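Step one of this worksheet: look at the structure below.
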Amino acid sequence: MNKLAGFFIMAFFISHLNAQHLQHWGEKEGLSYRIVNYCLRTSDGFLWLATGKGLCRFDGYEFLPIGKSKKWDISNNLITQVLESEKGVLWVASDNGISIINLNSNEITDVFRHTAAENSLSDNYVLQIYQTPDRTIWVCTADGIFHKYLGNGRFRRYYNSTAKDRRFGNRPLMIAFQNHIWLKSQDRGVYKIEPVSGKIVQRYLTNPTSIDEGGFTIIPRYGLLCMTKEGVKVYHVRENKFKTLQIKNIKDIYKIVPDKKGDWWVAAYGRKRLFHYSNETIKDVSGYLSDYSQNTQINMISPGQGNDLWLCTNSGLYKFIVENPLFTSILRKDQFEKPLYVSSFRGFMQDSAGDIFMGGYGGLFKLNEKHQVKQLFDNIIYYSPNVLIDENKKYLWVVSEGFGMFKVDKKEGKIIKQPKDKDKYNYLIAGIRDTGTIFLLGGYDELVWYNSATNNYRDLHLKYNGIIFSRPFVKFIYKDKNKFIWICTHFGIFVLDPTHNIIARYYDAAPDGYRIPVNKVNHILEDKKGNIWVSTEGGGACKIDLKNHKITVINTEKGLADNTVASILEDSSGMIWVATYNGLSVIEPVNNQINNFYDEDGLSDNEFNSASCLYTSNGSLFFGGINGVNICKGYKVLQNKIESGNKIIISDIEMLGDNNEIEHIHNLQQLRKDLKLSYKYSYLEVSFFNTDFSHSERNIFYYKMEGLNDNWIPLEKKNSIRFASLSPGKYILHIRGKSSKNNLDAEEAVLRIEVQQIFYKTWWFALISIICIASIFAGLANSKVQQVNELAALRAKISSDLHDDVGSVLTRVAMQAEIIEEEVSTKHQEVMKSIVNSCRMAMSNMRDVIWSTDSHYRNVGNLFDKITEMVQQTMEYSPISYKLIFEPELYELEISQFQKQEIFFIIKEAFHNIVKHATGNLAELRVFKVKNEIIFIVYNNGPVEEKVSHTGMGTMNMIMRSKRINASLIFDTSEGFLIKLVVKLKRTYFSW
Amino acid sequence: MTRSKINLAIVEDDKQIQSILINYFKRDEINFDAVNAYSSIEEVLTVVDNLDNFIFLLDINLQGMSGIDGIFHIKNKWSLCEIIMISVLGDSNSIFKSICAGASGYLDKDTPLGKIKEAVIALSEGGSPITPAIARKVFDYFQPSKNLTENLTKRERDVVQGLVEGLSYKLIASKLDISIDTVRKYIRSIYNKLHVNSKGELLAIYRQIP
């Protein structure tokens with residue numbers, strides 16, 4: 001029998017000092033060197049680390065050593081500090097001078113070292129670079145001198161005019177406060193210096209020694225603090241002196257760093273211990289440091305952008321997530337004096353008196369209005385009070401896993417067991433009161449009606465659409481305001497109407513309006529608008545709009561903390577609270593904005609239990625988890641939690657290049673440019689990060705590659721993407737992401753990629769090829785044209801020469817013969833006439849030949865003109881009338897010179913034959929076109945005087961000429977004299 | 001009516017042909033009065049005498065300025081003269097150009113001397129020789145759609161059409177029911193109209209010649 005432990009536990013214990021969620025990086029994790037002296041978050045989004053051997057850049061996932069260029073190499077330098085003097089310019093202090101790094105290119109652009117020149121650094125060991133509000137840069141070197149940077153690599157040295165050695169002491173460090181430079185050293189105290197002249201205004205703490213580089217701190221409300229071996233000294237402005245500031249229980253303070261909330265983080269005791277100081281409460285959190293090394297020494301404390309805290313130590317880099325207690329938690333494991341299994345909570349119930357009953361694994365608790373907790377009973381092993389149902393003012397029904405259903409006295413906690421039916425119905429997970437004494441209970445294997453009056457159980461078999469669900473594994477049962485019963489099982493949700501008939505089933509293969517992403521359902525909530533919110537195991541949360549039969553799924557893609565949802569509540573302002581296995585999400589239904597909360601926000605644990613929730617009468621929300629109960633007053637309390645989006649930055653591109661070697665692009669300048677890849681590349685991997693570093697391991701990403709896919713593809717928590725052998729073309733890679741804190745998208749990163757086409761498929765190669773081929777053809781054509789032109793020119797010359805020389809001679813001979821003909825006797829007149837005729841004929845023939853070789857006039861019209869003249873001359877003295885009919889559209893057609901020539905001589909011969917042999921009175925030439933042929937028909941209407949032999953010379957000539965031009969020639973003397981010449985017209989590009 | 005004697009100017013660069021023509025025409029004292037010979041257009045243009053009433057026999061191919069180009073200058077100097085072109089090749093384009101430039105007819109060089117004389121006499125009486133090829137060019141030139149200073153009358157078109165069809169003057173006369181002389185006069189009129197229409201263009205062209 002379990003004993004009831006009647007003791008009061010202190011009210012809620014506000015916990016915000018548990019620096020949980022510790023992360024550590026050492027050399028195993030890629031850090032270039034274990035000793036980290038300093039860290040700085042720069043404007044490019046990276047975290048830069050000053051290590052004992054070189055400089056490192058961190059994106060939340062990987063480290064990249066920076067510091068080697070062709071000219072300089074600081075990879076082995078002891079880096080003491082880094083400073084971003086202006087956007088994109090990083091000053092790196094080391095034991096070997098100062099290096100200036102361009103953050104876009106990661107290139108060292110300049111190095112300042114000690115030289116003989118008075119305007120150089122006095123020493124190469126640079127301890128500190130400090131930038132005053134007026135943007136002046138100051139440098140402290142280990143030789144006890146400090147410097148002011150004048151630009152162009154020049155420094156002004158400030159010496160201690162009051163000291164023989166002109167130094168300010170060992171390892172000086174400075175700070176600007178109240179328009180002066182304050183300098184302290186290990187052995188000579190504190191100097192207040194006028195910055196322009198360098199004159200020492202005053203000296204303080206002349207006998208102190210500091211702790212290494214403890215330095216100064218400025219803290220609001222206190223002002224200037226100085227770390228000394230005698231403790232922390234605070235400067236009192238009015239009294240113009242330093243006084244000891246008592247920080248209880250902490251000695252040997254090395255560093256004090258205030259965070260955003262105003263709490264202090266204190267490194268002390270030889271830098272080996274870390275304290276959190278808040279509202280005069282101190283917590284030693286050093287224990288976490290020794291997880292990785294017993295000798296961890298803190299070099300620097302740096303609060304992050306959120307609630308993250310970074311420690312630079314000599315055993316690596318630490319990140320703490322500092323709790324931001326927005327929640328109250330009770331009944332956590334650490335709050336119990338003795339180990340109990342009671343911290344994992346299940347059922348909740350608030351009765352009419354306002355008392356809250358909480359069932360944990362192995363125990364039952366009661367919380368009154370004053371938030372005083374009373375344990376009603378414990379020591380029940382293997383018992384889980386999953387559901388608590390109010391009976392009346394005196395009793396409480398407990399539906400348990402292990403003991404079935406039993407009644408408990410509310411005041412005393414006495415268990416009144418109910419007998420079970422045949423040892424069944426012990427493992428019950430869900431239950432409701434239906435009416436009066438009738439309950440509906442469910443468990444792993446059963447769904448049963450229970451009558452508390454008669455103690456009878458009656459099985460309810462789930463059967464729907466012909467399917468019997470014999471082992472339904474019931475997780476939750478709910479009765480809505482319309483008295484419909486919703487039974488949540490591993491096979492979806494079954495809905496019973498008030499008459500207990502199953503009327504609907506929501507499951508993963510159901511039609512629209514009834515389809516939920518997965519079948520395992522843990523819990524449902526009916527909100528004020530009558531929507532049903534479903535908690536699924538692995539499918540996120542669903543909202544069922546019963547009026548419109550519409551289901552909306554909200555999952556991690558939309559920013560939900562986790563897809564396994566334990567329970568859902570609605571607060572008074574309508575916000576939906578979703579408790580998951582990995583955090584708590586709050587959804588604003590109006591704009592669907594989601595904010596997520598985790599252990600660092602005060603939750604006792606990120607894992608919540610199924611159906612373990614309660615909305616109390618005073619507006620509090622209770623969520624039971626594996627480590628106690630988390631309580632929140634509502635969303636208004638958390639309103640300042642909403643954070644603005646961050647950025648996604650591409651940090652690295654890796655590809656297998658042309659030469660089969662892996663190439664990396666690290667510097668931001670190149671990463672922002674378009675990426676051009678040869679067609680030979682094998683793969684491409686793009687790495688990126690979210691500038692929210694607080695929980696890099698929780699950040700989720702999506703990508704879309706325009707040119708490859710149109711949809712956003714989730715990468716979950718993977719911060720890189722690889723493409724193998726993209727086809728030639730242009731792409732745009734979009735990367736989005738969300739931090740774990742809310743569903744606001746961080747600013748997208750975009751990378752344009754061009755995979756170049758293999759040269760012989762490129763447009764320019766095709767163009768060059770076309771141009772070359774065209775040039776070759778043009779050249780050939782030109783050559784041909786040139787040949788043709790040369791030939792034509794030759795012909796023209798021959799024509800001209802013939803005309804000038806031979807023509808003139810013939811004309812002379814003919815004219816002279818004519819004159820002689822008139823003067824000679826009749827006997828010789830015939831001879832002279834013959835001579836004249838011969839000359840005229842020679843001239844005429846020559847003219848014909850010249851015409852036929854003239855390349856200028858190649859149109860058919862020119863041929864017609866010549867034929868007409870020839871016919872006129874030939875028929876001039878013949879009694880035969882003639883008629884020439886040419887189809888008008890033929891005049892502009894072009895034919896080859898050769899064709900023109902041969903056709904002319906064939907027609908000429910034909911008309912000569914008519915004159916010689918024909919007996920009719922009409923000669924006709926008809927020329928017309930049929931399709932692609934020109935047809936010449938020469939006809940005389942009379943019978944031929946003699947039988948015309950086709951073997952005659954003239955006829956043979958005609959036949960030969962027609963064959964030369966591939967024309968057909970037909971003779972028909974059946975009815976008169978007819979010649980039909982058919983010439984095919986060819987398209988020639990080079991006709992000659 | 002007694003026709004007055006013809007004054008002839010022969011422009012021929014071939015000395016022998018020039019000599020033959022001179023002798024031939026000079027022998028006909030009935031029809032011909034002055035018979036002058038020149039070897040080039042340039043030589044013609046140096047003449048100070050008035051050659052308005054001359055008929056020129058002008059070779060197309062001359063050394064120096066061509067016969068076609070010379071037409072403009074000759075007509076410019078002596079606007080009333082008439083010009084007959086003589087061509088060995090009978091290139092219809094050149095002939096048409098000559099006519100447009102102001103020539104009143106043309107002859108082939110292998111035309112018998114007697115025919116040359118006839119043509120000169122016919123020209124002096126108002127006629128103008130024309131071939132079907134030239135007629136076709138004339139026909140194409142005088143399209144109604146063209147905005148010409150002078151266009152052909154219907155009768156003139158009929159004559160040109162007949163010439164295009166290759167009909168002889170006789171057949172044209174018979175077809176149109178007019179006399180051969182009338183046909184010749186129509187042809188002359190057509191030539192004049194060619195001269196008028198092309199005059200402006202020619203002036204523009206020749207003004208550019210230095």
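Every chain is numbered from 1, with letters handed out A, B, ... down the list of sequences. Remember, it's a predicted structure, so these values are computed and weren't measured experimentally. Hydrogens, waters and symmetry mates are skipped; everything else that's a heavy atom, side chains included, is used.
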Looking at A:Glu889, I want to see if its CD is surrounded by more than 12 non-hydrogen atoms of other residues, nucleotides or ligands under 6.0 Å. yes
Ring pair (Phe, Tyr, Trp, His ring centres under 6.0 Å) partners for A:Phe904, two or more places apart: A:Trp851
Would you check, one step at a time, whether the test side chain to side chain contact (heavy atoms under 4.5 Å, CB included) holds for B:Gln16 with A:Val809? CA-CA 9 Å; B:Gln16 289 192 357; A:Val809 167; over 6 Å; no
Hey, what do you get for OG1 (A:Thr811) to CG (B:Asp14), rounding to the nearest 0.5 Å? 8.0 Å
Contacts of type ring pair (Phe, Tyr, Trp, His ring centres under 6.0 Å), residue B:Phe56, not counting sequence neighbours: none
Which atom pair, heavy atoms only, marks the closest approach of A:Arg812 to B:Ile17? CG-CG1, 3.3 Å
Side chains of B:Ile116 and A:Met815: does their closest heavy-atom pair fall under 4.5 Å? yes
Verify the neighbour count for atom NZ of A:Lys929: are there more than 12 heavy atoms of other residues, nucleotides or ligands below 6.0 Å? yes
